[in-house]
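Here's the structure, in structure tokens; my notes come after.
Because only heavy atoms are used, hydrogens play no part in the values below, and waters and symmetry mates are left out as well, while side chains stay in. Just so it is clear, the structure is predicted and the values come from calculations on it, not from any experiment.
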Amino acid sequence: MLKTRETRVEERKEEKRSEKRDRILRAAEAIFLDKGFHAASMNEIAEAADVSTPHLYNFYASKAALALAVQLKMGQETFDALKTAMSAGKKNPSCESIFDSRRSSLMLTILTECTRNPDIKEKITENGARLRAMISEAGGISQDDQEG
């Protein structure tokens, strides 16, 4: 089936948007890891991602929303590395980065924000449920199995 010109244009737009979102997440993670959540600013994240600050807000409504996206990205990376290591049955160098103390510290900071912001608490709970489902599926464990 041939794609229409409009379809190709929309696909290119979405691809560029996705690349920009990835750039923003990488920049935010680096700045959060370097300076911490509270000291980081949306302006410096936008600058590091090579987007304008208003454009950054088109992707993420707040620094908290951006931090949650970083938290989900980091959780997915952790899950992917562990899944790869489990399937390989041997030590996997890609797992080393998931245990980096700065990443753990950032995750803890984001989790601590749950005590101040009910929206963050709700999203963290959703992210946790999503990761638990992925781990259960990968390990063939029922989500109701508390011991598993």
Seminar exercise, completed: In short, salt bridge (charged side-chain N to carboxylate O under 4.0 Å, His left out) pairs touching residues 33-55 with sequence neighbours left out are Lys35-Glu44
Problem set entry | With Arg5 via salt bridge (charged side-chain N to carboxylate O under 4.0 Å, His left out) - residues at least two apart | none
Problem set entry | side-chain hydrogen bond (donor to acceptor under 3.5 Å, both in side chains) partners for Thr4, two or more places apart | Thr7
Problem set entry | side chain to side chain donor-acceptor pair (under 3.5 Å) partners of residues 61-75, not counting sequence neighbours, each pair once | Glu29-Lys73, Gln71-Asn127, Lys73-Glu77
For this session: Before giving the answer on side chain to side chain contact (heavy atoms under 4.5 Å, CB included), spell out for Val51 and Phe59 the whole-Å C-alpha distance, their side-chain angles and the decisive distance to 0.1 Å.
Result: CA-CA 11 Å; Val51 298; Phe59 286 86; 5.8 Å; no
Problem set entry | Residues in salt bridge (charged side-chain N to carboxylate O under 4.0 Å, His left out) contact with Lys121, at least two apart in sequence or another chain | none
For this session: With sequence neighbours excluded, tell me which residues meet salt bridge (charged side-chain N to carboxylate O under 4.0 Å, His left out) with Glu11.
Result: Lys3
Seminar exercise, completed: Sorted by chain and number, sequence neighbours left out, side chain to side chain contact (heavy atoms under 4.5 Å, CB included) with Asn43 holds for Ser41, Thr53
For this session: State which residues pass side-chain hydrogen bond (donor to acceptor under 3.5 Å, both in side chains) with Glu10; sequence neighbours excluded, sorted by chain then number.
Result: none
For this session: Using ring-ring contact (aromatic ring centres under 6.0 Å, His included) as the criterion, list what pairs up with Tyr60, not counting sequence neighbours.
Result: none
Problem set entry | Those residues that, when tested against Asn58, pass side-chain hydrogen bond (donor to acceptor under 3.5 Å, both in side chains) (two or more places apart) | His55
For this session: Sequence neighbours left out, what passes side chain to side chain contact (heavy atoms under 4.5 Å, CB included) with Gln76? Give chain and number order.
Result: Phe79, Asp80, Met134
Exercise. Any side-chain heavy-atom pair from Glu126 and Leu72 closer than 4.5 angstrom?
Worked result: no
For this session: Under the side-chain hydrogen bond (donor to acceptor under 3.5 Å, both in side chains) rule, collect the residues that match up with Glu122, sequence neighbours excluded.
Result: none
